[in-house]
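Nothing here was measured: the structure is a model prediction, and the numbers come from that model. The first residue of the sequence shown is numbered 1, and numbering continues consecutively from there.
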Amino acid sequence: MKGLDNLLLTMPGLGPVFTAGILSEIGSITNFGNDDDLAGFAGLTWNRKQSGPFQGDDSRISVTGNVYLR
């Protein structure tokens, strides 16, 4: 980790062990077309609650994606 320029280390609470785990699970960032694809892979998306024109505000986080990143 010392040889890598890692912006994750600048986030409070994330040390070299956690950031190494995150980077190893993601792999190459070029595998994802945009931010939404990466969030879906990590399981950081919410289920949509809607019926017709109604859009619900209270929804649970999805349980899909990589279990280690979630």
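- Applying the side-chain hydrogen bond (donor to acceptor under 3.5 Å, both in side chains) criterion to Thr10, with sequence neighbours excluded, gives no partner residue.
- Between atom CG of residue Leu9 and atom CG of residue Leu14 there is a gap of 8.0 Å, rounded to the nearest 0.5 Å.
- When the side-chain contact (heavy atoms from CB on, under 4.5 Å) test is applied to Asp36, the partners found at least two apart in sequence or on another chain are Asn34.
- For the ring-ring contact (aromatic ring centres under 6.0 Å, His included) test, residues two or more places apart in sequence or in another chain that qualify with Phe32 are Phe41.
- Listed by first and then second residue, the ring pair (Phe, Tyr, Trp, His ring centres under 6.0 Å) pairs involving residues 7-27 amount to none (not counting sequence neighbours).
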Verdict with reasoning, Leu23 to Leu8, per side-chain contact (heavy atoms from CB on, under 4.5 Å): CA-CA 9 Å; Leu23 291 176; Leu8 289 174; 4.1 Å; yes
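- Connection of Ile22 to Leu7 is not established within any shared hydrophobic cluster, with ILVMFWY side chains joined at heavy-atom distances below 4.5 Å, either directly or through further cluster members.
- Here Ser28 pairs with Thr30, Asn31 under the side-chain contact (heavy atoms from CB on, under 4.5 Å) rule; sequence neighbours left out.
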